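Computed from a prediction, not measured in an experiment: that's the story for all the values here. Note that ligands are numbered from 1 as they come in the structure, with each ligand's atoms numbered from 1 the same way.
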Amino acid sequence: MNSPAEKIFLTDSQADKEAYIRMMSEAVRAAVDAMSHSQAYAGMPPYELRDVIRKSEILPVNGIGFEAVMQEVREKILPNLVRPMSNSYMAHLHGPALLESIAAEIFIATFNQSMDSWDQAPAATEVEVEVIRELCRLYGYGSAADGVFTSGGSQSNLSGLLLARDWFCNEKLHWDVKKYGLPENFRKLRMYSSEVSHFSMEKSCHLMGMGYDAVVKVPVDQAMKMDTAKLEKLIQADLAAGNLPFCVAATVGTTDFGSIDPLIELREICDRYGLWLHADAAYGSGMILSRKYAGRISGISGCDSITVDFHKMFLLPISCSASLIKDGRYFEALTLHADYLNREEDEEDGYINLVNKSMQTTRRFDALKVWMSFKMRGADGWSELITRCVDNAAYFYSILDKNRETEVVTMPEISSVVFRVLPKNAAEDADTVNKRIRRELLHRHGVVIGQTVCYGKVFLKFTLLNPLHTPEKLDSLLQLILSLR
Ligand SMILES: *Cc1c(COP(=O)(O)O)cnc(C)c1O
């Protein structure tokens, strides 16, 4: 047994440095060895896997040591992980992680900076501030804008909607929610998002004490975009009924279809009725880096808050997201001074405490992943990665649209394609056939694809976030799918 005082951290001692290098190298080697095939999943089905994991004792009296743990990781864990880097993986808005961002994770974990206060994260704080400034510039915001990294799109949406709600209550109702809680007539507060928006809208309203009923679901058109004429009627009806509309949440890339709500028209409507416009760009935010396609989200600079997810189109490891606000002063809603953390006297002397903008206290240095990856690949490199995914989706849609054995829903604006195959035998139920195909792909062919419901019918879904997909690969996947009917 080692004495507990050594080989527990990376310190300036030679023995610790050697232990660090040895353990990291073994981990890297195990990851590389696990890549012995190109399938997206070649692991066990659920019951078998559960049994294997359950049989392995988690807290033995005597620790088994690093080598034995690594052996179990190699045998039980790594083979049963999905491989988002495989070009047979296209199930969810879940991408592979770029190599340089994995290197960034080594620094994030090794030095374990905590982003709440400057004295826990000096360079990390300054990097996050500058990355946020660059992002605000990228999305067309002015110098009053600000932002913060979050755990994901769900938290970024909650942050945007909370600031919207508190802004409305402060300015329009002269009510300070932060201090007094919800206003008495809180059941009248209304926000609007399309019927295909993400469920974090409802979840956020629940967390904010307003409940799901505060979310008005606006119908979409054939292209799965919010119908603005219907939105305006719903706002007018709510106003006539004495309700309190405060926000429209546009989806910039819906989870299933990648459809983009009409941001310019929504800005006009929000101005007409004095509403906050939030952009849930968890998916579509990556489009900004494609020279060919950035125009598709051009209205985003007019939104009051933007959710950016880096663990989707931007190909960075989970978790990595940002919440941007056009007027950074509204972050005040999340500021609370504590004697043990973010003292005002330090802030007056120039120490930045990012906790003032965040729902989290202890928080990861995720901004480093963006910093390293943006610098390394540059605008040209990034444009190529994102453009390729969008081009691939356009290609896949074009072959499905021509094929008489498949049905498509909408032309993709980003990189997901929703479709279904028609049964070979007309007596068979199409829903059953499509569901069966997805399962067979997963367990027999190592191919992981998505499935959803649209107009009450089961559809399959390709979410193409991996620039390693090629038209040839997409052709062969379609042939495979058709052969399984
Ligand atoms: C993925 C997604 C979210 C949630 O983001 P997480 O990072 O998973 O929390 C929100 N909105 C949309 C449109 C999404 O696609």
message: If only side-chain N and O atoms count, and only distance matters, is there a donor-acceptor pair under 3.5 Å linking Thr125 with Glu128?
response: no
Residue [X] vicinity, atoms of ligand 1 by number, heavy atom under 4.0 Å:
X      : result
Gly152 : 7 (O), 9 (O)
Asn157 : 10 (C), 11 (N)
Asp309 : 5 (O), 6 (P), 7 (O)

Protein contact of [atom] - nearest heavy atom, named by residue and atom, plus distance:
atom                    : value
atom 2 (C) of ligand 1  : Lys312 NZ, 2.2 Å
atom 4 (C) of ligand 1  : His198 CE1, 3.4 Å
atom 11 (N) of ligand 1 : Asp280 OD2, 2.6 Å

[X] to ligand 1: N or O pair under 3.5 Å?
X      : value
Ser200 : no
Tyr283 : no
Thr251 : no
Gly153 : yes
Thr254 : no

field: cation_pi(Lys457, Phe459) dist<6.0 Å, angle<=45
entry: no
- request: Mark yes or no: Lys369 above the aromatic ring of Trp371, with NZ or CZ under 6.0 Å from the six-membered ring centre and no more than 45 degrees from the axis.
  value: no
query: Below 6.0 angstrom between ring centroids: does that apply to Phe111 and Phe365?
result: no
query: Are Tyr89 and His94 an aromatic pair by the rule of ring centers under 6.0 Å?
result: yes
message: Please determine whether a side-chain nitrogen of the Lys or Arg among Asp146 and Lys326 lies less than 4.0 Å from a carboxylate oxygen of the Asp or Glu.
response: no
- prompt: Are Lys292 and Asp391 within salt-bridge range, i.e. N to O under 4.0 Å?
  reply: yes
task: Flag yes if more than 12 heavy atoms outside Asp213 fall under 6.0 Å of its CG atom; otherwise flag no.
output: no
